[in-house]
**Student:** 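Below you will find the structure I want to go over with you.
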Amino acid sequence: MALATNNSSNKAADAPAITIAGLEKRFANGVEALRGVDLTIEPGSFVAILGPSGAGKSTLLRCINGLETPSRGSVAVRGLAVEKGNLRAIRTEVAMVFQSFNLVGRLNVMANILCGRLGKRSTLGSLLYLMRPEDRTIAEHALARVGLTERAWERADRLSGGQQQRVGIARALAQEPVIMLADEPVASLDPATSEEILDLLREIQERDGITMVVSLHQVEYARRYADRVIGLNDGRIVYDGGVAGLTDDVLAAIYHRSGNDDEAGLSDR
Amino acid sequence: MKRAFPTASGWPPLPVMGAALAVIVLLAAAAPLADVRPIHLLVSLGRLGAFLANFLVTPEWSYVGHVLEKLLETVEMAFLGTLIAAVLSLPIGILAARNASPHPAISHALRGLLTLVRSLPELMWALVFVSAVGLGPLPGVVALGFVTVGFLGKFLAESIEAVPDRAVEGVQAHGANRMQVRFFALLPNAWPDFIAVLFYVFDHNVRAATILGLVGAGGLGYDMTMAMRLFRYERLILIVLAIYLAVTILDRLSDRLRARVI
(Lines give C-alpha, C1' and ligand atoms only; values in the text may rest on other atoms or scores of the structure.)
Protein backbone atom coordinates (compact mmCIF):
# COMPACT_ATOMS: atom_id res chain seq x y z
CA MET A 1 0.00 0.00 0.00
CA ALA A 2 1.14 3.48 -0.77
CA LEU A 3 2.55 5.58 1.98
CA ALA A 4 0.83 8.71 3.20
CA THR A 5 0.73 11.35 0.51
CA ASN A 6 3.74 13.46 1.23
CA ASN A 7 2.44 16.92 0.58
CA SER A 8 4.02 18.39 3.69
CA SER A 9 7.01 20.68 3.50
CA ASN A 10 10.64 19.69 3.96
CA LYS A 11 10.48 21.07 7.45
CA ALA A 12 7.94 18.42 8.31
CA ALA A 13 10.09 15.71 6.77
CA ASP A 14 13.18 16.80 8.71
CA ALA A 15 11.42 17.33 12.02
CA PRO A 16 11.17 14.46 14.48
CA ALA A 17 7.98 12.45 14.25
CA ILE A 18 6.92 13.51 17.72
CA THR A 19 8.35 16.22 19.96
CA ILE A 20 7.11 16.51 23.53
CA ALA A 21 8.38 19.20 25.90
CA GLY A 22 7.54 19.71 29.55
CA LEU A 23 4.25 17.88 29.18
CA GLU A 24 2.05 17.91 32.26
CA LYS A 25 -1.50 16.69 32.57
CA ARG A 26 -3.68 17.18 35.58
CA PHE A 27 -7.25 15.88 35.36
CA ALA A 28 -10.26 17.71 36.70
CA ASN A 29 -10.45 15.25 39.61
CA GLY A 30 -6.97 16.35 40.71
CA VAL A 31 -5.10 13.28 39.49
CA GLU A 32 -1.71 14.22 38.05
CA ALA A 33 -1.19 11.77 35.22
CA LEU A 34 1.91 13.38 33.68
CA ARG A 35 4.42 15.41 35.67
CA GLY A 36 6.79 16.82 33.10
CA VAL A 37 7.60 14.59 30.15
CA ASP A 38 10.24 15.45 27.55
CA LEU A 39 10.47 13.10 24.64
CA THR A 40 11.54 13.04 21.01
CA ILE A 41 10.61 10.18 18.75
CA GLU A 42 12.40 9.70 15.43
CA PRO A 43 10.47 8.83 12.28
CA GLY A 44 10.10 5.16 11.45
CA SER A 45 10.92 3.76 14.87
CA PHE A 46 9.04 1.24 16.98
CA VAL A 47 8.77 2.64 20.49
CA ALA A 48 7.26 0.73 23.38
CA ILE A 49 5.96 2.53 26.47
CA LEU A 50 6.11 0.48 29.65
CA GLY A 51 4.82 1.30 33.08
CA PRO A 52 2.40 0.20 35.79
CA SER A 53 -1.30 0.95 35.56
CA GLY A 54 -1.82 4.63 36.19
CA ALA A 55 1.70 5.63 35.22
CA GLY A 56 0.32 7.88 32.48
CA LYS A 57 0.90 5.70 29.41
CA SER A 58 -2.56 6.26 27.94
CA THR A 59 -2.57 9.95 28.80
CA LEU A 60 0.76 10.39 27.05
CA LEU A 61 -0.52 8.72 23.89
CA ARG A 62 -3.81 10.57 24.02
CA CYS A 63 -2.00 13.89 24.25
CA ILE A 64 -0.18 13.12 21.00
CA ASN A 65 -3.33 13.13 18.90
CA GLY A 66 -5.21 15.65 20.99
CA LEU A 67 -7.72 13.37 22.70
CA GLU A 68 -6.45 14.99 25.90
CA THR A 69 -5.39 18.61 26.22
CA PRO A 70 -2.12 19.12 28.11
CA SER A 71 -2.26 21.21 31.29
CA ARG A 72 1.23 22.50 30.57
CA GLY A 73 3.94 21.89 27.99
CA SER A 74 3.70 21.20 24.30
CA VAL A 75 3.31 18.36 21.86
CA ALA A 76 4.24 18.62 18.20
CA VAL A 77 3.80 16.12 15.41
CA ARG A 78 6.31 16.58 12.58
CA GLY A 79 6.87 20.15 13.67
CA LEU A 80 3.14 20.95 13.82
CA ALA A 81 1.88 21.83 17.30
CA VAL A 82 -1.03 19.74 18.60
CA GLU A 83 -3.54 22.49 19.28
CA LYS A 84 -7.25 22.96 19.04
CA GLY A 85 -7.03 24.68 15.67
CA ASN A 86 -5.21 21.93 13.82
CA LEU A 87 -6.51 18.81 15.52
CA ARG A 88 -7.99 17.58 12.27
CA ALA A 89 -4.72 18.06 10.41
CA ILE A 90 -2.88 16.20 13.19
CA ARG A 91 -5.38 13.39 13.31
CA THR A 92 -5.15 12.70 9.60
CA GLU A 93 -1.42 12.03 10.13
CA VAL A 94 -1.68 10.21 13.45
CA ALA A 95 -3.76 7.04 13.64
CA MET A 96 -4.78 5.42 16.88
CA VAL A 97 -5.40 1.81 17.87
CA PHE A 98 -7.26 1.31 21.14
CA GLN A 99 -7.23 -1.30 23.89
CA SER A 100 -10.97 -1.85 23.58
CA PHE A 101 -10.89 -1.43 19.79
CA ASN A 102 -13.41 1.46 19.84
CA LEU A 103 -15.21 0.28 16.76
CA VAL A 104 -18.76 1.28 15.95
CA GLY A 105 -20.27 -2.09 16.78
CA ARG A 106 -23.40 -1.75 14.73
CA LEU A 107 -21.67 -0.73 11.53
CA ASN A 108 -20.17 -3.41 9.35
CA VAL A 109 -16.43 -3.98 9.11
CA MET A 110 -16.04 -2.08 5.84
CA ALA A 111 -17.88 0.98 7.17
CA ASN A 112 -15.67 0.96 10.25
CA ILE A 113 -12.55 0.92 8.12
CA LEU A 114 -13.92 3.70 5.94
CA CYS A 115 -14.17 5.78 9.13
CA GLY A 116 -10.39 5.99 8.81
CA ARG A 117 -10.93 8.06 5.67
CA LEU A 118 -13.26 10.59 7.30
CA GLY A 119 -10.51 12.97 8.32
CA LYS A 120 -9.66 13.55 4.69
CA ARG A 121 -13.27 14.03 3.58
CA SER A 122 -15.76 16.80 4.21
CA THR A 123 -19.18 16.28 5.76
CA LEU A 124 -20.71 16.59 2.31
CA GLY A 125 -18.15 14.17 0.92
CA SER A 126 -19.30 11.50 3.34
CA LEU A 127 -23.00 12.32 3.32
CA LEU A 128 -25.42 9.37 3.46
CA TYR A 129 -22.39 7.09 3.89
CA LEU A 130 -21.57 7.49 0.20
CA MET A 131 -17.81 7.17 -0.04
CA ARG A 132 -15.52 7.66 -3.00
CA PRO A 133 -14.34 4.63 -4.97
CA GLU A 134 -10.68 5.39 -4.16
CA ASP A 135 -11.51 5.34 -0.45
CA ARG A 136 -13.20 2.01 -0.96
CA THR A 137 -10.07 0.67 -2.69
CA ILE A 138 -7.86 1.89 0.15
CA ALA A 139 -10.19 0.29 2.70
CA GLU A 140 -10.17 -3.00 0.80
CA HIS A 141 -6.36 -3.00 0.72
CA ALA A 142 -6.25 -2.31 4.45
CA LEU A 143 -8.70 -5.12 5.12
CA ALA A 144 -6.65 -7.52 3.00
CA ARG A 145 -3.50 -6.65 4.95
CA VAL A 146 -5.08 -7.64 8.24
CA GLY A 147 -6.48 -10.77 6.58
CA LEU A 148 -10.17 -10.16 7.12
CA THR A 149 -11.39 -9.68 3.55
CA GLU A 150 -14.07 -12.33 3.89
CA ARG A 151 -15.60 -10.66 6.98
CA ALA A 152 -16.06 -7.26 5.30
CA TRP A 153 -19.86 -7.20 5.50
CA GLU A 154 -20.35 -8.52 8.99
CA ARG A 155 -21.28 -6.31 11.88
CA ALA A 156 -18.14 -5.30 13.75
CA ASP A 157 -19.49 -6.42 17.14
CA ARG A 158 -19.98 -9.97 15.82
CA LEU A 159 -16.22 -10.48 15.45
CA SER A 160 -13.90 -11.92 18.09
CA GLY A 161 -11.61 -9.64 20.09
CA GLY A 162 -8.56 -10.36 17.97
CA GLN A 163 -10.52 -9.79 14.79
CA GLN A 164 -11.96 -6.54 16.11
CA GLN A 165 -8.45 -5.34 16.88
CA ARG A 166 -7.46 -6.22 13.31
CA VAL A 167 -10.33 -4.09 12.08
CA GLY A 168 -9.08 -1.31 14.35
CA ILE A 169 -5.63 -1.62 12.76
CA ALA A 170 -7.13 -1.69 9.26
CA ARG A 171 -9.04 1.49 10.11
CA ALA A 172 -5.77 3.08 11.22
CA LEU A 173 -4.06 1.86 8.04
CA ALA A 174 -6.84 3.19 5.82
CA GLN A 175 -6.02 6.59 7.18
CA GLU A 176 -2.55 6.32 5.56
CA PRO A 177 -0.95 7.83 8.64
CA VAL A 178 2.65 8.81 9.32
CA ILE A 179 2.43 7.82 12.96
CA MET A 180 0.43 5.06 14.59
CA LEU A 181 -0.31 5.17 18.30
CA ALA A 182 -1.46 1.94 19.93
CA ASP A 183 -2.83 2.21 23.45
CA GLU A 184 -2.37 -1.22 25.03
CA PRO A 185 -3.53 -2.88 21.83
CA VAL A 186 -3.15 -6.40 23.21
CA ALA A 187 -4.26 -5.90 26.83
CA SER A 188 -7.61 -7.61 26.24
CA LEU A 189 -6.33 -10.40 24.01
CA ASP A 190 -4.91 -13.88 24.62
CA PRO A 191 -1.14 -14.47 24.12
CA ALA A 192 -1.35 -16.08 20.68
CA THR A 193 -3.61 -13.34 19.34
CA SER A 194 -1.46 -10.71 21.02
CA GLU A 195 1.58 -11.90 19.10
CA GLU A 196 -0.34 -11.87 15.82
CA ILE A 197 -1.40 -8.29 16.46
CA LEU A 198 2.10 -7.15 17.43
CA ASP A 199 3.59 -8.96 14.42
CA LEU A 200 1.15 -7.03 12.29
CA LEU A 201 2.14 -3.69 13.88
CA ARG A 202 5.81 -4.48 13.45
CA GLU A 203 5.25 -5.43 9.82
CA ILE A 204 3.41 -2.15 9.21
CA GLN A 205 6.23 -0.20 10.83
CA GLU A 206 8.88 -1.97 8.74
CA ARG A 207 7.09 -2.02 5.38
CA ASP A 208 5.36 1.35 5.42
CA GLY A 209 7.87 3.22 7.52
CA ILE A 210 5.10 4.28 9.88
CA THR A 211 6.35 5.44 13.28
CA MET A 212 4.84 3.09 15.85
CA VAL A 213 4.31 4.08 19.48
CA VAL A 214 2.81 1.24 21.49
CA SER A 215 2.04 1.12 25.19
CA LEU A 216 2.34 -2.37 26.63
CA HIS A 217 1.85 -4.24 29.86
CA GLN A 218 4.18 -7.12 29.07
CA VAL A 219 7.93 -6.49 29.26
CA GLU A 220 8.45 -9.61 27.15
CA TYR A 221 6.62 -8.09 24.18
CA ALA A 222 8.56 -4.83 24.50
CA ARG A 223 11.81 -6.81 24.40
CA ARG A 224 10.77 -8.70 21.29
CA TYR A 225 9.20 -5.97 19.21
CA ALA A 226 10.53 -2.55 20.16
CA ASP A 227 13.61 -0.61 19.05
CA ARG A 228 13.34 1.71 21.98
CA VAL A 229 11.61 1.53 25.34
CA ILE A 230 10.23 4.42 27.36
CA GLY A 231 9.68 3.55 31.01
CA LEU A 232 7.02 5.64 32.73
CA ASN A 233 6.37 5.74 36.44
CA ASP A 234 4.04 8.11 38.20
CA GLY A 235 3.92 10.52 35.29
CA ARG A 236 7.68 10.75 34.74
CA ILE A 237 10.08 9.05 32.37
CA VAL A 238 12.33 6.78 34.41
CA TYR A 239 13.93 4.90 31.54
CA ASP A 240 14.60 5.75 27.92
CA GLY A 241 16.82 3.50 25.88
CA GLY A 242 17.27 0.28 24.00
CA VAL A 243 15.85 -3.12 24.80
CA ALA A 244 19.21 -4.34 26.03
CA GLY A 245 19.17 -1.84 28.86
CA LEU A 246 16.07 -3.37 30.44
CA THR A 247 17.86 -4.86 33.43
CA ASP A 248 16.15 -6.06 36.59
CA ASP A 249 17.06 -2.80 38.30
CA VAL A 250 15.56 -0.74 35.50
CA LEU A 251 12.38 -2.83 35.54
CA ALA A 252 12.16 -2.41 39.30
CA ALA A 253 12.36 1.35 38.82
CA ILE A 254 9.71 1.30 36.11
CA TYR A 255 7.28 -0.83 38.09
CA HIS A 256 8.08 0.73 41.46
CA ARG A 257 5.00 1.64 43.45
CA SER A 258 5.14 4.51 45.90
CA GLY A 259 2.57 3.51 48.47
CA ASN A 260 1.40 6.95 49.53
CA ASP A 261 0.61 8.14 46.05
CA ASP A 262 -2.66 8.55 44.21
CA GLU A 263 -1.87 6.15 41.39
CA ALA A 264 -4.02 3.44 42.91
CA GLY A 265 -7.01 5.66 42.28
CA LEU A 266 -6.12 6.10 38.67
CA SER A 267 -7.84 4.13 35.99
CA ASP A 268 -6.23 3.36 32.67
CA ARG A 269 -5.67 6.98 31.85
CA MET B 1 -31.32 -23.05 59.40
CA LYS B 2 -32.00 -19.35 59.76
CA ARG B 3 -32.57 -17.59 56.48
CA ALA B 4 -31.20 -14.12 55.80
CA PHE B 5 -31.07 -11.63 52.97
CA PRO B 6 -27.73 -11.26 51.17
CA THR B 7 -26.90 -7.97 52.93
CA ALA B 8 -24.44 -7.13 55.69
CA SER B 9 -27.15 -7.05 58.37
CA GLY B 10 -29.25 -9.90 56.98
CA TRP B 11 -32.25 -7.56 56.72
CA PRO B 12 -33.68 -6.36 53.41
CA PRO B 13 -31.87 -3.24 52.14
CA LEU B 14 -33.11 -0.07 53.83
CA PRO B 15 -34.14 1.68 50.57
CA VAL B 16 -36.34 -1.28 49.62
CA MET B 17 -38.08 -1.26 53.01
CA GLY B 18 -38.46 2.50 52.84
CA ALA B 19 -39.96 2.33 49.36
CA ALA B 20 -42.42 -0.39 50.40
CA LEU B 21 -43.52 1.67 53.40
CA ALA B 22 -43.92 4.77 51.24
CA VAL B 23 -46.12 2.89 48.77
CA ILE B 24 -48.39 1.63 51.59
CA VAL B 25 -48.72 5.09 53.12
CA LEU B 26 -49.43 6.68 49.74
CA LEU B 27 -52.07 4.03 48.97
CA ALA B 28 -53.87 4.65 52.22
CA ALA B 29 -53.80 8.40 51.61
CA ALA B 30 -54.85 8.20 47.97
CA ALA B 31 -57.82 5.82 48.18
CA PRO B 32 -60.29 8.32 49.71
CA LEU B 33 -59.06 11.09 47.39
CA ALA B 34 -59.67 9.03 44.27
CA ASP B 35 -63.06 7.88 45.61
CA VAL B 36 -62.10 4.22 45.52
CA ARG B 37 -64.90 2.15 46.99
CA PRO B 38 -64.36 -1.57 46.46
CA ILE B 39 -67.84 -2.46 47.73
CA HIS B 40 -69.41 -0.15 45.21
CA LEU B 41 -67.40 -1.84 42.47
CA LEU B 42 -68.69 -5.26 43.52
CA VAL B 43 -72.31 -4.05 43.61
CA SER B 44 -71.89 -2.55 40.14
CA LEU B 45 -70.85 -5.87 38.62
CA GLY B 46 -74.48 -6.68 37.88
CA ARG B 47 -74.96 -3.53 35.82
CA LEU B 48 -71.71 -4.21 33.97
CA GLY B 49 -73.05 -7.63 33.05
CA ALA B 50 -76.29 -6.06 31.82
CA PHE B 51 -74.32 -3.67 29.62
CA LEU B 52 -72.18 -6.45 28.18
CA ALA B 53 -75.35 -8.44 27.44
CA ASN B 54 -76.27 -5.69 25.00
CA PHE B 55 -73.55 -7.02 22.73
CA LEU B 56 -75.46 -10.28 22.29
CA VAL B 57 -77.05 -9.07 19.09
CA THR B 58 -76.74 -10.02 15.46
CA PRO B 59 -74.09 -7.72 13.96
CA GLU B 60 -75.26 -5.51 11.15
CA TRP B 61 -73.24 -7.23 8.46
CA SER B 62 -73.97 -4.64 5.77
CA TYR B 63 -72.06 -2.18 7.98
CA VAL B 64 -68.78 -4.12 7.61
CA GLY B 65 -67.77 -2.27 4.44
CA HIS B 66 -68.04 1.11 6.13
CA VAL B 67 -66.15 -0.13 9.21
CA LEU B 68 -63.28 -1.44 7.10
CA GLU B 69 -63.08 1.80 5.17
CA LYS B 70 -62.90 3.81 8.40
CA LEU B 71 -60.45 1.34 9.90
CA LEU B 72 -58.15 1.86 6.93
CA GLU B 73 -58.43 5.60 7.44
CA THR B 74 -57.52 5.15 11.10
CA VAL B 75 -54.44 3.04 10.33
CA GLU B 76 -53.40 5.49 7.61
CA MET B 77 -53.68 8.36 10.06
CA ALA B 78 -51.45 6.54 12.52
CA PHE B 79 -48.99 5.62 9.77
CA LEU B 80 -48.71 9.16 8.42
CA GLY B 81 -48.48 10.71 11.87
CA THR B 82 -45.75 8.27 12.91
CA LEU B 83 -43.77 8.68 9.68
CA ILE B 84 -43.86 12.48 9.76
CA ALA B 85 -42.89 12.42 13.42
CA ALA B 86 -40.02 10.01 12.76
CA VAL B 87 -38.56 12.26 10.07
CA LEU B 88 -38.93 15.38 12.22
CA SER B 89 -37.56 13.78 15.35
CA LEU B 90 -34.27 12.85 13.66
CA PRO B 91 -32.78 16.37 13.61
CA ILE B 92 -34.60 17.30 16.82
CA GLY B 93 -33.32 14.21 18.64
CA ILE B 94 -29.74 14.89 17.52
CA LEU B 95 -29.93 18.52 18.62
CA ALA B 96 -31.50 17.52 21.95
CA ALA B 97 -28.83 14.94 22.82
CA ARG B 98 -26.19 16.41 25.10
CA ASN B 99 -23.30 14.68 23.33
CA ALA B 100 -24.45 15.63 19.81
CA SER B 101 -25.90 19.09 20.34
CA PRO B 102 -23.91 22.10 19.14
CA HIS B 103 -24.59 23.88 22.43
CA PRO B 104 -25.98 22.73 25.82
CA ALA B 105 -28.54 25.55 25.72
CA ILE B 106 -30.03 24.13 22.52
CA SER B 107 -30.41 20.68 23.98
CA HIS B 108 -31.97 22.09 27.16
CA ALA B 109 -34.43 24.25 25.24
CA LEU B 110 -35.42 21.37 22.96
CA ARG B 111 -35.85 18.99 25.87
CA GLY B 112 -38.23 21.47 27.48
CA LEU B 113 -40.19 21.86 24.25
CA LEU B 114 -40.45 18.11 23.79
CA THR B 115 -41.78 17.70 27.32
CA LEU B 116 -44.37 20.39 26.72
CA VAL B 117 -45.56 18.72 23.51
CA ARG B 118 -45.71 15.36 25.24
CA SER B 119 -47.48 16.56 28.36
CA LEU B 120 -50.86 17.01 26.64
CA PRO B 121 -52.63 13.90 25.29
CA GLU B 122 -53.35 13.43 21.58
CA LEU B 123 -57.02 14.21 22.17
CA MET B 124 -56.23 17.70 23.42
CA TRP B 125 -53.95 18.46 20.49
CA ALA B 126 -56.63 17.09 18.14
CA LEU B 127 -59.11 19.56 19.63
CA VAL B 128 -56.63 22.38 19.04
CA PHE B 129 -56.02 21.37 15.44
CA VAL B 130 -59.68 20.67 14.66
CA SER B 131 -60.47 24.25 15.57
CA ALA B 132 -57.50 25.38 13.48
CA VAL B 133 -57.86 23.34 10.26
CA GLY B 134 -61.40 22.00 10.55
CA LEU B 135 -62.92 18.51 10.84
CA GLY B 136 -61.45 15.43 9.19
CA PRO B 137 -58.42 13.16 9.39
CA LEU B 138 -55.88 15.97 8.81
CA PRO B 139 -56.03 17.48 12.34
CA GLY B 140 -55.85 13.91 13.66
CA VAL B 141 -52.65 13.22 11.74
CA VAL B 142 -51.11 16.47 12.92
CA ALA B 143 -52.07 15.81 16.53
CA LEU B 144 -50.62 12.30 16.42
CA GLY B 145 -47.45 13.59 14.78
CA PHE B 146 -47.09 16.28 17.41
CA VAL B 147 -47.19 13.98 20.40
CA THR B 148 -45.09 11.38 18.62
CA VAL B 149 -42.33 13.91 17.90
CA GLY B 150 -42.38 14.71 21.61
CA PHE B 151 -41.83 11.06 22.43
CA LEU B 152 -39.49 10.01 19.60
CA GLY B 153 -37.31 13.12 19.91
CA LYS B 154 -36.74 12.45 23.57
CA PHE B 155 -36.16 8.76 22.98
CA LEU B 156 -33.64 9.34 20.18
CA ALA B 157 -31.80 11.95 22.25
CA GLU B 158 -31.53 9.47 25.10
CA SER B 159 -30.32 6.60 22.94
CA ILE B 160 -27.72 8.89 21.37
CA GLU B 161 -26.56 9.84 24.84
CA ALA B 162 -26.25 6.15 25.69
CA VAL B 163 -23.80 5.51 22.83
CA PRO B 164 -20.48 4.56 24.45
CA ASP B 165 -17.79 7.24 24.31
CA ARG B 166 -15.38 4.63 23.03
CA ALA B 167 -17.08 4.42 19.63
CA VAL B 168 -17.15 8.21 19.39
CA GLU B 169 -13.47 8.42 20.31
CA GLY B 170 -12.55 5.74 17.80
CA VAL B 171 -14.06 7.77 14.99
CA GLN B 172 -12.87 11.11 16.37
CA ALA B 173 -9.28 9.94 16.67
CA HIS B 174 -9.20 9.44 12.93
CA GLY B 175 -9.90 13.05 12.18
CA ALA B 176 -13.69 12.93 11.75
CA ASN B 177 -15.41 16.27 12.30
CA ARG B 178 -18.42 16.77 14.57
CA MET B 179 -20.94 16.10 11.82
CA GLN B 180 -19.13 12.93 10.75
CA VAL B 181 -19.03 11.73 14.36
CA ARG B 182 -22.82 12.09 14.46
CA PHE B 183 -23.32 10.11 11.26
CA PHE B 184 -20.67 7.46 11.72
CA ALA B 185 -20.56 6.85 15.46
CA LEU B 186 -23.67 8.19 17.18
CA LEU B 187 -26.49 7.46 14.75
CA PRO B 188 -25.45 3.92 13.75
CA ASN B 189 -25.41 2.91 17.40
CA ALA B 190 -28.69 4.66 18.22
CA TRP B 191 -30.55 3.49 15.08
CA PRO B 192 -31.69 0.01 16.07
CA ASP B 193 -33.31 1.13 19.32
CA PHE B 194 -34.98 3.99 17.53
CA ILE B 195 -36.46 1.74 14.86
CA ALA B 196 -37.60 -0.79 17.44
CA VAL B 197 -39.43 1.90 19.39
CA LEU B 198 -40.85 3.24 16.12
CA PHE B 199 -42.89 0.05 15.71
CA TYR B 200 -44.11 0.33 19.25
CA VAL B 201 -45.10 3.95 18.70
CA PHE B 202 -46.97 3.07 15.51
CA ASP B 203 -48.87 0.45 17.48
CA HIS B 204 -49.74 2.99 20.11
CA ASN B 205 -50.76 5.53 17.49
CA VAL B 206 -53.23 3.14 15.85
CA ARG B 207 -54.99 2.83 19.20
CA ALA B 208 -54.76 6.56 19.79
CA ALA B 209 -56.15 7.25 16.30
CA THR B 210 -59.30 5.25 17.04
CA ILE B 211 -60.24 7.72 19.76
CA LEU B 212 -59.48 10.94 17.90
CA GLY B 213 -62.80 10.70 16.03
CA LEU B 214 -64.38 11.67 19.35
CA VAL B 215 -63.50 15.28 18.64
CA GLY B 216 -64.07 15.03 14.90
CA ALA B 217 -60.47 14.38 13.93
CA GLY B 218 -61.23 11.47 11.60
CA GLY B 219 -60.97 7.71 11.96
CA LEU B 220 -63.16 5.03 13.47
CA GLY B 221 -63.63 6.90 16.74
CA TYR B 222 -66.49 9.03 15.44
CA ASP B 223 -68.54 6.00 14.42
CA MET B 224 -67.72 4.32 17.71
CA THR B 225 -69.02 7.21 19.83
CA MET B 226 -72.09 7.61 17.65
CA ALA B 227 -72.91 3.92 17.85
CA MET B 228 -72.52 4.05 21.62
CA ARG B 229 -74.69 7.11 22.10
CA LEU B 230 -77.44 5.74 19.86
CA PHE B 231 -77.24 2.27 21.46
CA ARG B 232 -76.44 0.71 18.06
CA TYR B 233 -74.81 -2.36 19.57
CA GLU B 234 -75.11 -4.30 16.30
CA ARG B 235 -72.67 -1.76 14.88
CA LEU B 236 -70.58 -1.21 17.99
CA ILE B 237 -69.61 -4.87 18.19
CA LEU B 238 -68.28 -4.74 14.62
CA ILE B 239 -66.24 -1.62 15.37
CA VAL B 240 -64.75 -3.09 18.53
CA LEU B 241 -63.88 -6.34 16.76
CA ALA B 242 -62.28 -4.44 13.88
CA ILE B 243 -60.08 -2.42 16.23
CA TYR B 244 -59.12 -5.54 18.14
CA LEU B 245 -58.18 -7.38 14.96
CA ALA B 246 -56.21 -4.47 13.51
CA VAL B 247 -54.22 -3.91 16.70
CA THR B 248 -53.48 -7.63 17.07
CA ILE B 249 -52.30 -8.00 13.48
CA LEU B 250 -50.10 -4.90 13.68
CA ASP B 251 -48.71 -6.06 17.00
CA ARG B 252 -47.62 -9.40 15.55
CA LEU B 253 -46.20 -7.71 12.48
CA SER B 254 -44.20 -5.14 14.42
CA ASP B 255 -42.88 -7.83 16.78
CA ARG B 256 -41.42 -9.69 13.83
CA LEU B 257 -39.92 -6.63 12.20
CA ARG B 258 -38.50 -5.46 15.51
CA ALA B 259 -36.80 -8.80 16.11
CA ARG B 260 -35.09 -8.42 12.75
CA VAL B 261 -33.78 -4.95 13.42
CA ILE B 262 -32.23 -5.50 16.84
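These numbers come from a predicted model, not from an experiment. Chain naming here is simple, since letters A, B, ... match the order of the sequence lines and numbering starts at 1 in each.
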**Student:** Does B:Arg256 CZ have over 12 foreign heavy atoms under 6.0 Å away?
**Tutor:**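 Atom CZ in B:Arg256 is not crowded, with 12 or fewer foreign heavy atoms closer than 6.0 Å.
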**Student:** Crowded around B:Met124 CE? As in, over 12 foreign heavy atoms under 6.0 Å?
**Tutor:**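 Check fails, neighbour count at 12 or below.
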**Student:** If we only count heavy atoms from C-beta on, is the A:Met96 to B:Gln172 side-chain gap below 4.5 Å?
**Tutor:**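 In short, these two side chains do not touch, never coming nearer than 4.5 Å.
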**Student:** Do side-chain atoms of A:Arg88 reach the backbone of B:Gly175 as a donor and acceptor pair under 3.5 angstrom?
**Tutor:**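 Checked: pair present.
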**Student:** Strictly distance-based, threshold 3.5 Å: is any side-chain N or O of A:Asn102 a donor or acceptor partner for the main-chain N or O of B:Ala167?
**Tutor:**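 Absent.
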**Student:** Do other residues, nucleotides or ligands put more than 12 heavy atoms under 6.0 Å from the CG atom of A:Asp190?
**Tutor:**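 Check passes, neighbour count above 12.
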**Student:** Looking at B:Gln180 and A:Arg121, would you say the former's side chain and the latter's main chain have a donor-acceptor pair under 3.5 Å?
**Tutor:**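 Between the backbone of A:Arg121 and the side chain of B:Gln180 there is a qualifying donor-acceptor contact (under 3.5 Å).
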**Student:** Using a cut-off of under 4.5 Å on heavy-atom pairs, state which of A:Ser100, A:Ala95, A:Ala111, A:Cys115 scores highest against chain B.
**Tutor:**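 Ranked by heavy-atom pairs under 4.5 Å with chain B, first place is A:Ser100.
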**Student:** Could you give the distance from CZ (B:Phe184) to CG (A:Asn112), rounded to the nearest 0.5 Å?
**Tutor:**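 The distance works out to 10.5 Å.
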**Student:** If I compare all heavy atoms of A:Gly105 with all of B:Asn189, which pair ends up nearest, and what's the gap?
**Tutor:**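 Closest approach of A:Gly105 to B:Asn189: N-OD1, 4.0 Å.
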**Student:** Drop me the distance from A:Phe98's CZ to B:Arg166's CZ, to the nearest 0.5 angstrom.
**Tutor:**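 Reported value, rounded in 0.5 Å steps: 10.5 Å.
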**Student:** Can you measure from CG (A:Leu107) to CG (B:Leu187) and round to the nearest 0.5 angstrom?
**Tutor:**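 One gets 10.0 Å once the value is rounded to the nearest 0.5 Å.
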**Student:** Tell me, do A:Leu118 and B:His174 make a side-chain contact under 4.5 Å, heavy atoms counted?
**Tutor:**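 Contact flag for A:Leu118/B:His174 side chains = no.
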